[in-house]
Amino acid sequence: MTGVSDQFERRLRDLRISVTDRCNFRCTYCMPKEVFGPDHVFLPRDQLLTFEEITSLVRTFVSRGVNKVRITGGEPLLRKRIEELVAAIAAVGGVDDLTLTTNASLLARKAAGLAEAGLDRVTVSLDAMDDPTFQRMNDVGFPVATVLEAIEVAVEVGLGPVKVNCVVQRDVNEHSVLDMAEYFRGTGHIVRFIEFMDVGNTNGWRLDDVVPASEIIDTINSAYPVEPVPANYPGEVARRFRYRDGEGEVGVIASVTKPFCGACTRARVSAEGMLYTCLFASSGTSLRDALRSGVDVGEVIDEIWAKRDDRYSEIRSSQTSRIGTPVEMSYIGG
Ligand code: SAM
Ligand code: SF4
Ligand code: SF4
């Protein structure tokens with residue numbers, strides 16, 4: 001077996017790679033306008049990893065045990081010629097699952113090219129089925145219908161069925177739980193309800209704003225009875241439930257109330273090539289510098305992974321403050 005285990009015997013299996021820190025949405029829980037306003041300085045172009053560098057990193061990560069790669073951002077479809085990157089990654093042997101997470105604003109026009117380039121699936125983020133709620137959350141007035149149309153196009157070109165990520169916030173979009181369950185049951189798409197997380201430093205997170213996954217499941221169960229389903233594979237972050245009437249399944253990602261650090265096999269690389277071993281990290285290591293100075297990147301990754309002892313979500317409750325400033329979700333990519 002390739003690669004090393006970390007301090008808690010966790011292997012490196014998944015890689016999330018952010019291709020841009022920019023986004024055309026200003027989701028209030030991720031890139032609030034007050035912080036990511038017109039004066040916000042994004043990464044300059046020459047700081048971004050090139051496609052060749054990303055592909056080289058993917059190859060090295062695969063040699064260290066990674067077999068799942070997710071492209072994310074910011075909004076990954078804003079990165080120019082993203083299809084070329086997808087094709088290059090798809091050509092690296094050993095990636096069994098190549099996916100991309102998107103707000104779907106550009107998906108309808110990009111889906112065919114992405115499928116052709118070798119993308120396996122997409123995950124689409126959608127927080128409500130009604131425009132007033134969705135537009136308040138994306139904060140740029142983007143309509144629900146365009147996202148739904150993009151999902152249809154994705155299916156037509158073979159990128160479906162899709163996973164639909166919905167972040168649930170108390171008193172903001174709790175009603176979306178039933179709306180989304182109702183719309184997507186029977187379609188083959190799987191909605192995954194995500195507990196609002198305290199990622200970064202800017203979204204004003206409070207524990208009171210979190211709707212626990214157990215409550216989300218109770219809400220669905222009361223309208224459409226569900227039963228738990230075993231995980232697809234060890235370490236799957238979403239807990240799965242299927243509708244008892246055979247109309248498909250839903251998932252919940254209980255990162256706050258039921259943390260899953262024990263099975264976390266995920267590394268994250270930012271658009272400028274910083275490697276983070278936890279979503280809540282405040283410091284990382286520049287793989288871009290390692291690449292550009294000719295250092296053996298595989299050795300760097302092994303060394304960092306061997307020392308890894310992150311389990312932020314499991315110790316969150318006992319923690320009163322964090323050391324350093326945590327990185328933002330739009331930077332690290334979720
Ligand atoms: N822009 C793309 C999108 O929204 O799908 C990809 C990047 S986005 C950072 C990845 C995922 O993180 C999205 O599904 C988003 O809803 C989720 N996310 C962002 N901030 C979050 C938070 N504070 N808590 C939980 N999920 C969050
Ligand atoms: Fe952009 Fe995605 Fe963050 Fe929303 S969640 S602001 S779409 S990066
Ligand atoms: Fe993994 Fe860190 Fe999330 Fe725990 S808190 S599951 S270690 S990313």
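We count ligands from 1, going down the list as the structure has it; atoms in each ligand are counted the same way. Because the structure is a prediction, the values reported are computed rather than measured. Note that these values count all heavy atoms, side chains included, but never hydrogens, waters or copies made by symmetry.
By the 3.5 Å distance cut-off applied to N or O atoms, Ile194 is not counted among the residues near ligand 1. Distances between N or O atoms of Thr72 and those of ligand 1 include no value under 3.5 Å.
Residues Arg26 and Asp139 are not paired through a salt bridge, judged by the lack of any N-O separation under 4.0 Å between the basic side chain and the carboxylate. A salt bridge links Glu53 to Arg292: one of the charged nitrogens lies within less than 4.0 Å of a carboxylate oxygen. Under a 4.0 Å N-O distance rule, the pair Glu75/Arg22 does not qualify as a salt bridge.
Listed for the Arg121 side chain is no donor-acceptor partner under 3.5 Å among the backbone atoms of Pro161. A donor-acceptor pair under 3.5 Å is formed between the side chain of Asp131 and the backbone N or O of Val144. Remark: side-chain polar atoms of Glu249 are not paired, donor with acceptor, to backbone N or O of Ile190 under 3.5 angstrom. Side chain of Arg79 to backbone of Val19: a donor-acceptor contact under 3.5 angstrom is found. One N or O on the side chain of Gln7 and one on the backbone of Ala306 form a donor-acceptor pair closer than 3.5 Å. Counting only distance, with no hydrogens or angles, the side chain of Glu174 and the backbone of Asp171 share a donor-acceptor pair below 3.5 Å.
By the criterion of a heavy-atom distance under 4.0 Å, the side chain of Val167, and not its backbone, is placed next to ligand 1. With a 4.0 Å heavy-atom cut-off, ligand 1 is reached by no atom of Asp127.
Given atom 23 (N) of ligand 1, the protein heavy atom at minimum distance is Met197 O, 3.0 Å. In this structure, atom 9 (C) of ligand 1 lies nearest to the protein heavy atom Met329 CG, 3.5 Å. Scanning the protein heavy atoms around atom 5 (O) of ligand 1, the nearest turns out to be Ser125 OG, 2.6 Å. Residue, atom and distance of the protein heavy atom nearest to atom 10 (C) of ligand 1 are Gly333 O, 3.8 Å.
Close contacts between ligand 1 and Gly74 involve ligand atoms 1 (N), 2 (C), 6 (C), 7 (C) [criterion: under 4.0 Å to a heavy atom]. Distances below 4.0 Å separate heavy atoms of Asn103 from the following atoms of ligand 1: 2 (C), 3 (C), 5 (O). Listed by number with element, the atoms of ligand 3 under 4.0 Å from a non-hydrogen atom of Arg268 are 8 (S). The distance from ligand 3 to the heavy atoms of Leu279 drops below 4.0 Å at these ligand atoms: 2 (Fe), 8 (S). Interface of Phe280 with ligand 3, defined as ligand atoms under 4.0 Å from a residue heavy atom, comprises 5 (S). Close contacts of ligand 1 with Glu195, meaning ligand atoms under 4.0 Å from a residue heavy atom, involve 25 (C). Of all atoms in ligand 1, numbered sequentially from 1 with element shown, those under 4.0 Å from a heavy atom of Tyr29 are 16 (O), 18 (N), 19 (C), 20 (N), 21 (C), 23 (N). Near Asn165, meaning under 4.0 Å from one of its heavy atoms, ligand 1 places the atoms 14 (O). Listed by number with element, the atoms of ligand 3 under 4.0 Å from a non-hydrogen atom of Cys264 are 1 (Fe), 6 (S), 7 (S), 8 (S). Near Glu75, meaning under 4.0 Å from one of its heavy atoms, ligand 1 places the atoms 1 (N), 2 (C). Proximity to Ser313 (heavy-atom distance under 4.0 Å) selects the following atoms of ligand 3: 5 (S). Set against the non-hydrogen atoms of Phe260, the atoms of ligand 3 under 4.0 Å away are 6 (S).
Put simply, Cys278 gets within reach of atom 2 (Fe) of ligand 3, with an N, O or S atom under 2.8 Å from it.
Protein non-hydrogen atoms do reach within 4.0 Å of atom 25 (C) of ligand 1.
Side-chain polar atoms of Thr277 and Asp310 form a donor-acceptor pair below 3.5 angstrom.
The aromatic rings of Phe196 and Tyr29 sit perpendicular to each other, their planes meeting at more than 60°, with 30° as the lower class boundary. Ring geometry, Phe36 versus His40: the interplanar angle falls from 30° to 60°, so the pair is classed tilted. Ring orientation note: the planes of Phe142 and Phe25 are tilted relative to one another, at an angle of 30° to 60°.
Ligand 2 lies under 4.0 Å from heavy atoms of Cys23, Phe25, Cys27, Cys30, Met31, Gly74, Asn103.
Contact analysis puts Gly73 in contact with ligand 1, with a non-hydrogen atom separation below 4.0 angstrom.
Asn103 places none of its side-chain heavy atoms less than 4.5 Å from the side chain of Asn138.
Enclosure of atom CD in Glu236 by more than 12 non-hydrogen atoms of other residues, nucleotides or ligands within 6.0 angstrom is indicated.
Only one option out of Arg308, Lys307, Arg64 pairs with Asp302 in a salt bridge (Lys or Arg N to Asp or Glu O under 4.0 Å); it is Arg64.
Clustering ILVMFWY residues whenever any of their side-chain heavy atoms sit less than 4.5 angstrom apart, transitively, puts Val157 in the very cluster that holds Ile151.
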